[in-house]
Trainee: 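Okay, here's the structure, questions in a sec.
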Amino acid sequence: MSDKPDRRDFLKSSAVAGAALALSATSYNRVYGANGNLRIGFLGTGGRSQQHIDAVLEMVKEGKPVIPVAVCDVWDGQVKPGVIKGRGRIPSAERCKLDLSDDKHVTKDYRVVLDQKDVDVVSIATPDHWHARMSIDAMEAGKDVYCEKPMTRTIAESQAVVDAAVKLNRVMTVGVQSTADPTWAAANELIRSGKIGHVLQGQTSYYRNSSVGQWRYYPLTKEMSPKTIDWDSWLGYKFECAGQPLGPTPQEMPFDRAVWAQWRCYWPFGGGMFTDLFVHQTTHLIAAMGVRYPGRVVGAGGIYLEYDTRDVPDVATVVADYDEGCQFVISATMCNDEQLGEIIRGHLATIKFSPEINGDYIKGFQVFAQNIAGGATKPGQSASEPIQTYKSDMYRAGKLETNQQATYALWANFLDCVRDRKRETLCTPELGAAAFSTVNMGVQSYRHGKVLFWDKEQRKPVEADASWASRWEERSKKRGKPNQIIGWEGGDSGSTLKPPDYQKLAGPWANGADPATE
């Protein structure tokens, strides 16, 4: 931990981290160049992929130079009219108006799509355990990548993806659609300007409630069977990434419709709500705060209600502490939908995101000043009226649903960056890896009962010890000597406290001498 995690260090870190968010969120209105269509292949064509296909088809309809040219999925899909519209290889190929007999562009093997020279970009929306391998293979094949969140299944994989993107100079965005909203860049700018003071804590949540159990609402059908699904390929045990097989063998995990369609409930394929839901909020909030990898993480929770053979908890919380001198908290249950609220707390002011104003729920934030007094104040005595309101202008009334507008905007920014050969997308793999590592450390802490540190040199988590607390205590004693008033007011200490005059009377009586008389 740095000995100077003061406000200047925080603002410096925040400025660097905010660079990727500084891109204009209206870039999706930009007219593409006249150098031909960007040709897109879709790897994985489940529910989320249908929204990516929607975005691309909307662009085609608008006359933008982009076109779908390939689809890949290990499932044939719900071929007959019925429950699941569009999902699977054949229905998705039909949506994209592809020739079903063209086995180079409609296939169950993603490597076939990567071999095609007429594929410029791939969209990866498979289960998590395939994200890293497909992303790296795609970049090595000369493709740019839009990969769904979470970017990978393991932290080692996330570092491998970042390394590949940098080494191969490929454009990649991670599909956290909320990062297309300019709200987070505006908040980051406010923080970097110093207007809310030293940032102490970010707080967010992702609460849901389901009568059938989280992710069990994905329907199972008789058409899902080993005859229509390449189970061996889906498991991924024949493939490796970062030195580990992607998934279990068929002997370890026999075919099961529930595992296939509701895979987020099981550790071998994902990280439950830690990585599926938490990563949404974590990504945009750490971007706004201006931090990346945490110094220390602890995860907690359990399966307290959803006893339905799942592995992953239905109540979970992650607490991450940062060397910059702040904390991030995210919490959820899948059995109650009352949110904690999304907040960034500074010493001088508080940012509250997406507030309700006179009954109107807005996208954006309000800033509330703090009531800072010389004595103790009662809870909730910050200013009742906002001193600043920011409203996001990215949502186009009547155009698309809010979530789909964000997906469209993120795709448009990504395709702009592909054309301009700029790696600084709105959600870079570097940001994706930092957010994923934070919540995945929460997974590991929860599962193994350990508090974890982030090792910057090795780029991996390590078991924590008592040094986190002891270093902050040491810094407090070293920098906060009561007779050195400049240290209290700032200076090298990073503190903005203004001690009362009587604080000069504090200090140890060494050899019986009163420090106030020195």
Trainee: Start with the C-alpha gap between T438 and Y322, add the side-chain angles, then the distance that decides, and say whether side-chain contact (heavy atoms from CB on, under 4.5 Å) holds.
Mentor: CA-CA 11 Å; T438 302; Y322 291 81; 4.0 Å; yes
Trainee: Take the angle between the ring planes of H284 and W184 and call it parallel below 30°, perpendicular above 60°, tilted in between.
Mentor: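 H284 and W184: parallel rings.
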Trainee: Could you tell me the separation between the OH atom of Y207 and the SG atom of C335, rounded to the nearest 0.5 Å?
Mentor: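 It comes to 11.5 Å.
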Trainee: Return the CG to NZ distance between L57 and K97, rounded to the nearest 0.5 Å.
Mentor: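 Reported value, rounded in 0.5 Å steps: 7.0 Å.
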Trainee: So, applying ring pair (Phe, Tyr, Trp, His ring centres under 6.0 Å) with F269, which one of W260, W234, Y237 is it?
Mentor: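 The single option meeting the ring pair (Phe, Tyr, Trp, His ring centres under 6.0 Å) with F269 is W234.
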Trainee: I'd like to know whether I286 forms a side-chain contact (heavy atoms from CB on, under 4.5 Å) with L431, so could you lay out the CA-CA distance, the side-chain angles of the two residues, the decisive distance to 0.1 Å, and finally the verdict.
Mentor: CA-CA 9 Å; I286 66 170; L431 174 59; 4.1 Å; yes
Trainee: Answer yes or no: is there a side-chain heavy-atom contact under 4.5 Å between S135 and I124?
Mentor: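 Yes; the side chains approach each other to less than 4.5 Å.
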Trainee: Using a 3.5 Å distance criterion without hydrogens, assess whether the side chain of S445 forms a donor-acceptor pair with backbone atoms of G442.
Mentor: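 No; zero donor-acceptor contacts below 3.5 Å.
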Trainee: Salt bridge or not for D276 and K149, using N-O below 4.0 Å?
Mentor: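 The answer is yes: the pair qualifies as a salt bridge.
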Trainee: Any chance you could lay out the side-chain hydrogen bond (donor to acceptor under 3.5 Å, both in side chains) test for R310 and Q262, step after step, and finish with the verdict?
Mentor: CA-CA 10 Å; R310 71 180 56 236; Q262 301 160 352; over 6 Å; no
Trainee: When you look at K460 and D455, which way does the salt bridge (charged side-chain N to carboxylate O under 4.0 Å, His left out) test go after all the steps?
Mentor: CA-CA 5 Å; K460 69 177 186 180; D455 188 313; over 6 Å; no
Trainee: Looking only at heavy atoms, which two atoms of T333 and M273 are closest? And how far apart?
Mentor: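 In terms of heavy atoms, the two residues are closest at CA-CE, 4.4 Å.
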Trainee: Output the distance between atom CZ (R423) and atom CG (N169), rounded to the nearest 0.5 Å.
Mentor: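 If I round to the nearest 0.5 Å, the distance is 7.0 Å.
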Trainee: Is the closest basic N to carboxylate O distance between D120 and R419 below 4.0 Å?
Mentor: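 A salt bridge is absent here (no side-chain N lies under 4.0 Å from a carboxylate O).
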Trainee: Counting C-beta onward and ignoring hydrogens, is there a side-chain heavy-atom pair between D99 and V106 closer than 4.5 Å?
Mentor: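 Sidechains of V106 and D99: no contact.
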Trainee: Let's go through F42 and H52 carefully: what are the C-alpha distance in whole Å and the side-chain angles of both, what is the deciding distance for ring pair (Phe, Tyr, Trp, His ring centres under 6.0 Å) to 0.1 Å, and is it a yes or a no?
Mentor: CA-CA 9 Å; F42 295 94; H52 298 315; 7.6 Å; no
Trainee: In Å, rounded to the nearest 0.5 Å, how long is the span from OG1 of T152 to NE2 of H129?
Mentor: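 Reported to 0.5 Å precision, the distance equals 13.0 Å.
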Trainee: Go through it in stages, so that I can follow the logic: the residues are D115 and K104, the test is salt bridge (charged side-chain N to carboxylate O under 4.0 Å, His left out), and I'd like the CA-CA distance, side-chain angles, deciding distance and then a yes or no.
Mentor: CA-CA 9 Å; D115 285 342; K104 300 296 184 184; over 6 Å; no
Trainee: Describe, in one word, how the ring planes of F239 and Y110 are oriented to each other, choosing from parallel (under 30°), tilted (30 to 60°) and perpendicular (over 60°).
Mentor: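 Taking Y110 first and then F239, their aromatic rings sit tilted (interplane angle of 30° to 60°).
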Trainee: So do R111 and M134 actually touch side chain to side chain, heavy atoms under 4.5 Å?
Mentor: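 No, every pair of side-chain atoms sits at 4.5 Å or beyond.
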Trainee: With a 4.0 Å cut-off on N to O distance, would you call R89 and D230 a salt bridge?
Mentor: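 Here R89 does not pair with D230 in a salt bridge, since their nearest N and O are not under 4.0 Å apart.
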Trainee: Is the Y446 ring parallel, tilted or perpendicular to the F274 ring (thresholds 30°, 60°)?
Mentor: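 Because their plane-to-plane angle lies in the 30° to 60° range, the rings of Y446 and F274 count as tilted.
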Trainee: So that I know where these two stand, are Y408 and W411 an aromatic pair - ring centroids less than 6.0 Å apart?
Mentor: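 Not close enough - the centres of the two rings lie 6.0 Å or further apart.
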Trainee: Under 3.5 Å, side chain of Q458 to main-chain N/O of K456, donor-acceptor pair present?
Mentor: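 Side chain of Q458 to backbone of K456: no pair is present.
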Trainee: Can you see which heavy atom on R292 is nearest to which on A287, and at what distance?
Mentor: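 In terms of heavy atoms, the two residues are closest at NH1-CA, 3.7 Å.
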Trainee: Should the pair D76-K227 be classified as a salt bridge under the 4.0 Å nitrogen-to-oxygen rule?
Mentor: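 No, this pair does not count.
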Trainee: Tell me if a side-chain donor or acceptor on T173 pairs with a main-chain N or O of C427 at a distance below 3.5 Å.
Mentor: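 Checking the backbone N and O of C427 against the side chain of T173, a donor-acceptor pair under 3.5 Å is found.
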Trainee: For Q159 and R459, indicate whether the former's side chain and the latter's backbone hold a donor-acceptor pair under 3.5 Å.
Mentor: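 Judged by distance alone, no pair lies under 3.5 Å.
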Trainee: Say you draw a straight line from CG of L38 to CD1 of I67; how long is it, rounded to the nearest 0.5 Å?
Mentor: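 L38 atom CG to I67 atom CD1 measures 11.0 Å (nearest 0.5 Å).
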Trainee: Is any side-chain N of the basic residue among D137 and K143 closer than 4.0 Å to the acidic one's carboxylate O?
Mentor: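 Salt bridge flag = no for K143 with D137.
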Trainee: Which is it for M151 and M172 under the side-chain contact (heavy atoms from CB on, under 4.5 Å) test, yes or no, and what are the steps along the way?
Mentor: CA-CA 10 Å; M151 190 173 79; M172 180 177 180; 3.9 Å; yes
Trainee: To check you understand the geometry: which heavy-atom pair defines the closest contact between W267 and G272, and what is its length?
Mentor: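 Nearest pair, atom of W267 first, then G272: CZ3-N, 4.4 Å.
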Trainee: Given side chains that start at C-beta, do those of C417 and N413 come closer than 4.5 Å, heavy atoms only?
Mentor: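 Yes, their side chains come closer than 4.5 Å.
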Trainee: Search all heavy atoms of A180 against all heavy atoms of L426 and return the closest pair with its distance.
Mentor: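 A180 and L426 have their closest heavy atoms at CA-CD1, 3.7 Å.
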Trainee: Would you compute the distance between atom OG1 of T183 and atom CG of N188 and round it to the nearest 0.5 angstrom?
Mentor: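 T183 OG1 to N188 CG: 12.5 Å, rounded to 0.5 Å.
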Trainee: My understanding is that only one of V71, V119, V66, V122 makes a side chain to side chain contact (heavy atoms under 4.5 Å, CB included) with I40; could you say which?
Mentor: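 In the set V71, V119, V66, V122, the residue that makes a side chain to side chain contact (heavy atoms under 4.5 Å, CB included) with I40 is V66.
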Trainee: Under a 3.5 Å threshold, yes or no: a donor from one side chain and an acceptor from the other, between Q281 and S205?
Mentor: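 Not at all, the side chains of Q281 and S205 share no donor-acceptor pair under 3.5 Å.
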Trainee: Can you name the nearest heavy-atom pair linking G46 to D73, along with the distance?
Mentor: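 So the minimum-distance heavy-atom pair works out to N-OD2, 4.1 Å.
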Trainee: Determine whether L43 and V113 satisfy the following criterion, side-chain contact (heavy atoms from CB on, under 4.5 Å), listing intermediate values before the conclusion.
Mentor: CA-CA 8 Å; L43 310 184; V113 173; 4.0 Å; yes
Trainee: May I ask you to check whether T407 and R48 show a side-chain donor-acceptor distance below 3.5 Å?
Mentor: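 Result is yes, a qualifying pair exists.
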Trainee: Under a 3.5 Å threshold, yes or no: a donor from one side chain and an acceptor from the other, between Q214 and R264?
Mentor: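 Not at all, the side chains of Q214 and R264 share no donor-acceptor pair under 3.5 Å.
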Trainee: Closer than 4.0 angstrom, basic N to acidic O: yes or no for K422 and E424?
Mentor: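 No.
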Trainee: Check whether any side-chain N or O of Q51 sits under 3.5 Å from a backbone N or O of G47 as a donor-acceptor pair, and report yes or no.
Mentor: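 No.
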Trainee: For S225, is there any backbone N or O sitting under 3.5 Å from a side-chain donor or acceptor partner on T228?
Mentor: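 Yes; judged by distance alone, with no hydrogens or angles, the pair exists.
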Trainee: Just checking, any donor-acceptor pair under 3.5 angstrom between side chains of H131 and E157?
Mentor: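 H131 vs E157: no donor-acceptor pair found between side chains.
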Trainee: Between D144 and V418 (side chain of the first, backbone of the second, donor and acceptor by atom type, cut-off under 3.5 Å), is there such a pair?
Mentor: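 Side chain of D144 to backbone of V418: no pair is present.
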Trainee: Does the distance from a Lys or Arg side-chain N to an Asp or Glu carboxylate O, for D181 and K363, drop under 4.0 Å?
Mentor: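 The answer is no: the pair does not qualify as a salt bridge.
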Trainee: Please check this pair: side chain of R87 against backbone of G77, looking for a donor-acceptor N/O pair closer than 3.5 Å.
Mentor: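 A pair under 3.5 Å: no.
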Trainee: Tell me, with the steps shown, if Y266 and W263 meet ring pair (Phe, Tyr, Trp, His ring centres under 6.0 Å).
Mentor: CA-CA 6 Å; Y266 306 98; W263 53 267; 9.8 Å; no
Trainee: Side chains of Q50 and T45: closer than 4.5 Å at any heavy-atom pair?
Mentor: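 Q50 vs T45: side chains touch.
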Trainee: Under a 3.5 Å distance rule, please check whether N209 uses its side chain to pair with a backbone N or O of D337 as donor and acceptor.
Mentor: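 Side chain of N209 to backbone of D337, a donor-acceptor pair under 3.5 Å: no, none is there.
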Trainee: Check whether any side-chain heavy atom of T107 lies under 4.5 Å from a side-chain heavy atom of C72, and answer yes or no.
Mentor: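 Counting from C-beta outward, T107 and C72 do come under 4.5 Å.
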Trainee: If you count heavy atoms of other groups shown closer than 6.0 angstrom to NZ of K108, is the number above 12?
Mentor: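 Enclosed: over 12 neighbouring heavy atoms sit under 6.0 Å from NZ of K108.
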Trainee: Main chain of G341, side chain of Q203: is a donor-acceptor contact present, judged purely on distance under 3.5 Å?
Mentor: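 A pair under 3.5 Å: yes.
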Trainee: Specify the closest pair of heavy atoms between G88 and S92, including all atoms of both residues, with the distance to one decimal.
Mentor: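 Minimum heavy-atom separation between G88 and S92: O-OG, 2.8 Å.
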